[in-house]
Q: 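I have a structure here, written as structure tokens, and I will follow up with some questions on it.
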Amino acid sequence: MGKTVDKYIPSNIESKWQKKWRDEKIYQPDLDKAKKPFYNLMMFPYPSAEGMHVGNMYAFTGSDIYGRYQRMKGNDVFEPIGLDGFGIHSENYAIKVGRHPKEQAKISQENFYRQLHAIGNAFDWTRTVETYDPNYYKWTQWIFVQLFKAGLAYRKKAPVNFCPSCKTVLADEQVIEARLPSPAGEATGGQGKCERCGSIVEKKELEQWFFRITKYAEKLLENLEKIDWSEKVKIAQKNWIGKSEGAEIEFRIDNSEFKIKVFTTRPDTIFGATYVVLAPDHPIVEKITTREQKELVEKYIKKTRKLSNLNKIREEREKTGVFTGSYCINPVNKEKIPVWIADYVEMGYGTGAIMAVPAHDERDFEFAKKFGLPIKQVISPKRTCVIVHGCPSNKENLIDLSPKNPTGHWIQWARRGLEKIGYKVYIPLMPIPWEPDYETWKKEFEKILVNEESVLIGHSCGCSFLVRWLGESKKKVKKLILVAPAKIAKENASEAIKKLYDFEINQEIKKNISEVVIFISDNEEERIKKSAEMFRESLGASLIELTGKGHFTYDDMGTDEFPELLNIVISLEEVYIGEGKIINSGELDGLKVPSEMDKVLKWIEKKGIGKRQTQFHLRDWLVSRQRYWGAPIPIIYCDKCGVQPVSEKDLPVLLPDVKDWKPKGTGKSPLATVESFVNTSCPKCNGKAVRETDVCDTFLDSAWYFFRYTSTEFNDKAFDSERVKKWLPVDMYIGGAEHAVLHLLYSRFMTMVLKDLGFIQFDEPYKKFRAHGLIIAEGKKMSKSKGNVINPDDYVKKYGADTLRMYLMFMGPFADGGDFRDAAIEGIYRFLTRVWQLIQSTDDKDSTREEKKILNKTIKEVTKDIESLNYNTAIARLMELLNFISRENSASLETKENLLLLLSPFAPHIAEELWGRIGQKFSVHRQSWPSFDEKYLHEEEVTIVVQVNGKFRDSIKIQSSESKAQNHIEEIARKSGKVLKYLEGKETKQLIYIEGKIINFVTN
RNA sequence: GCCCAGGUGGCGAAAUUGGUAGACGCGAUAGGUUUAGGACCUAUUGUCCAUAAGGACUUGGGAGUUCGAGUCUCCCCUUGGGCACCA
């Protein structure tokens, strides 16, 4: 050894190879002839003018590694790149720097592409796509026209989210932090903030274009089952689509022919509907409001409208509403129930009307409580109640729960009463002879499931147990009831009893219990009264003294009134939303819900009261923007012919170059002032007509770009169907989870539409999608406003792209992201420098068996790790292999070659350079991915861990051929001095042997 | 409030899916090399006890299952992220 080599200087090799790769077209598959097409796509970036940040680079690198790996596996990998530079982000930036968006786009494009070149990705640079290029947006407009013709694009006046700062309408998805409480807030229509600029969004009524994505709600949901996507993104989409199943039920207005349809997911609670609520803007409100209530109702409607424009975020969601004066008839029990209006019901969801079941819905409950409306319980809850009795006066009677025993008597009564109202009652039995032993009691008691819905009843000494336990365990329970709590004066008590009461009442338990009630009768003995008083004071409990009745003395617990008292205290003072049995509901009584909901629905349909109904949270996609920097919506309005799409031969509708392009804030696009743009002729009658002046949402641009990549040279079609057939759906799509419901849902929708219109044969755009993690800087999200955006340029300059790529990937699992810190990057640089040195300076020798083993193991592990996107551990394996070479100070040529092949997806430049230097032909990136041979992975010697009682005591080495010989291994293990020590004088009760792994002596 | 993902050394993180916890890297300490610093090389590095051999403890907390738990079960705490008056 000892060959001297030149220093590793990344800048000397990186741009050199980047140029060579381009010249040799090694990353340009022949899209028509490729035999094994593999479409490796990453979400295309919005090119901020500041340029790429390490977060972008993280995503690109992770995707690139996967693509490079697939290429080496023999696939024709297509890895395109482009820019999503149309739209509000880009325009806002242009406003900020005071430059025309078109001009700014040019600058951003140049800068972004320069950076993208520098990171060494295997992009096909001949097929770039920019959304603001007329050759691209021509086809965005063409898609709009197709949707229009198919009836999937429509116009309607709608209250929309309007951002006063961006001066445009936003889709629901682009409004964030909606409905958060604010300290000074007042109720509003539920405003949030603009996704882009953070301004508070207003509601405005405007004519808007929508895409009928709701038509595909069911399919968008259903298909999630069949695609291989990150689970969290699937869940996010599922939640966003928000399917809920229930019933639509019709309520007749009393003394009138009007009917109100309500949607409910809880048809099982219909007997508990005690009033009906309409959204304030429900069209029927006007018709059913009585003369007496008219003024109030109108005032309320006005107020809610005004509030929606007040840009204030509601505070405590205090319920408001007014009575309309009308009643309707509950169809199941013919009860006359009032009709109210309230802004907690929204016109936009369901039918804009609800049946209110205050006993089983929190919002209805709140409302009912505020306005004194009746609450009727129809679901009996599944709750637990634990009765802990006290010490008996006579030990023998303790577990005698028959009514003969006074204690037994009241317990039986309480149980019966509680079970009647739906409680599952537990009565833990104490051991006999009874000892006030808290620890034993606790062990028994904790076997019972106690949760927030539980009611605990303590009697006498049982009270002390419970209070002490609640203090210790910090459990939350619904209610604590203490019956005649006893506190025995410590000085007179036996040791055991003293111990029982030796605890402090923990103040925290007050927080954990909704209510504490203490029962005591006035003729209880002083001692008990005093202790009741003590518990009351410490727990803030209400004390119910049963004056004059005398039922609750120790000797006479068993009266009929007692369980009824419990009933009063336990029932009906809170909402219950959980599962249970239907009660008070006539024919429905006894059904279990939700498990027997189907029977309820059948019954409702049979009775003709209502029908099954499914609702989705998903709303139609609002696509118009009152802005300049976007694709003009290709629609023409003609007085004679109405709304007409621009004919396809006239596309694109070019975005005119105008000086006055800044948003107006009038609800109209800047294009509206450009007469030469607005005035046109009707495509149908050729008469005078005007153009639509709004532009398309930028999410439309990005909803189909992956089709265009395959067909950039075609100017007569959006995409070539043969190409698309060959390359799509995308094999691997990598992107940020922040687009979980925006871009990903829209592009799925667009694909479904294109399929239904006959342009393509598949309905899902991305076979496999993986979300990468977020890169943060110094523990915070990177953002321009925080000034902590990290630009990769500096790092590329200092360490080279290879080092930065690997550092980013080494931080942690690709799906997790990480915190970017300067310090650790040195480690990777050191690694690559060592690769540079060792590959060149070490002598070539034949592989030893050990070397073959570690090499094959490395190949196996790195392959597995890349496939699961665990790049961090793949890199660790490469380091281990290098450490081996370093230790041995030699390596076979085979090992060196394979190391470079394994390294090449991660650090493409250095791998290419060294590949040449060890005498191989260009290019390392055209080689096949190495395979491993199982025979080298097999160990000759295995280490058996010797445990005594599950604890590691020694390890022994044996030939792997002997690993089946348990007796032999036991013999060796027993001889080990370390093990002997632990086995001495002890009997081996059990011996566990796991072949080739572990031998465990279990002694007593 | 609901849903999702996390919580392992000083730090980023591994762990064959129930079998020696802490691979790999950063940082730190000591030594070598160097005029010096840097770079590089070698060794050590979870915590505690012990002069040592050695021992005990340890994966947010608590209980449980098991010969054996970071991994499985239950409860709790906590940090991110998403959704939210959705009927």
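Chain identifiers are assigned alphabetically (A, B, ...) following the order of the sequence lines, protein sequences preceding nucleic acid strands; residue numbering begins at 1 within each chain. Predicted model only: the values in this text are computed from it and were never measured.
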Q: Please confirm whether A:Phe820 and A:Tyr795 have ring centers closer than 6.0 angstrom.
A: yes
Q: So if I take every side-chain heavy atom of A:Arg877 and compare against B:A84, B:A23, B:C41, which nucleotide ends up nearest?
A: B:A23
Q: Quick check on B:G27: is either OP1 or OP2 less than 4.0 Å from any side-chain nitrogen or oxygen of A:Arg830?
A: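 Checking A:Arg830 against B:G27: at least one side-chain N or O falls below 4.0 Å of OP1 or OP2.
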Q: Could you check which of B:A84, B:G19, B:C24 has an atom nearest any side-chain atom of A:Gln947?
A: B:G19
Q: Hey, is B:U17 sitting syn or anti, using the within-90° cutoff around 0?
A: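 Classified syn.
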Q: Does A:Lys370 come within less than 4.0 Å of A:Glu366, counting only side-chain N to carboxylate O?
A: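 Not counted as a salt bridge, because no side-chain N and carboxylate O are separated by less than 4.0 Å.
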Q: Please classify the glycosidic conformation of B:G9 as syn (within 90° of 0) or anti (everything else).
A: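 Here B:G9 takes the syn form, which means its glycosidic angle is within 90° of 0.
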Q: In Watson-Crick or G-U wobble terms, both distances under 3.5 Å, what is the partner of B:U35?
A: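 In the structure as shown, B:U35 has no Watson-Crick or wobble partner.
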Q: Determine which nucleotide pairs with B:A23, using a 3.5 Å limit on both distances of a Watson-Crick or G-U wobble pair.
A: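 Paired with B:A23, as far as the under-3.5 Å criterion goes, is no nucleotide at all.
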Q: Cation-pi check for A:Phe367 against A:Lys319: NZ or CZ below 6.0 Å from the six-membered ring centre and within 45 degrees of the axis, yes or no?
A: no
Q: Between B:U20, B:C24, B:A14, which one does the side chain of A:Thr943 approach most closely?
A: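 Of the options given, the side chain of A:Thr943 lies nearest B:U20.
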Q: Mapping A:Pro813 and A:Ile235 to their closest nucleotides on RNA chain B, which lands nearer the 5' end?
A: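 Comparing both residues, the 5'-ward one is A:Ile235.
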Q: Checking contacts here: which listed nucleotide (B:A87, B:A14, B:G12) is nearest the side-chain heavy atoms of A:Glu346?
A: B:A87
Q: Does this structure show an ion pair linking A:Glu867 with A:Lys864, if we count only N-O contacts that are shorter than 4.0 Å?
A: no
Q: Closest approach to the side chain of A:Met879, judged atom by atom: which nucleotide of B:A84, B:C24, B:U20 is it?
A: B:C24
Q: I want to verify a distance call: between B:A84, B:G68, B:A87, whose nearest atom is closest to the A:Ile354 side chain?
A: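 Ranking B:A84, B:G68, B:A87 by closest atom to the A:Ile354 side chain puts B:A87 first.
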Q: If you assign each of A:Met355 and A:Asn883 to its closest nucleotide in RNA chain B, which residue comes earlier from the 5' end?
A: A:Asn883
Q: For B:A14, which nucleotide in any strand shown is its Watson-Crick or wobble partner with both distances under 3.5 Å?
A: none
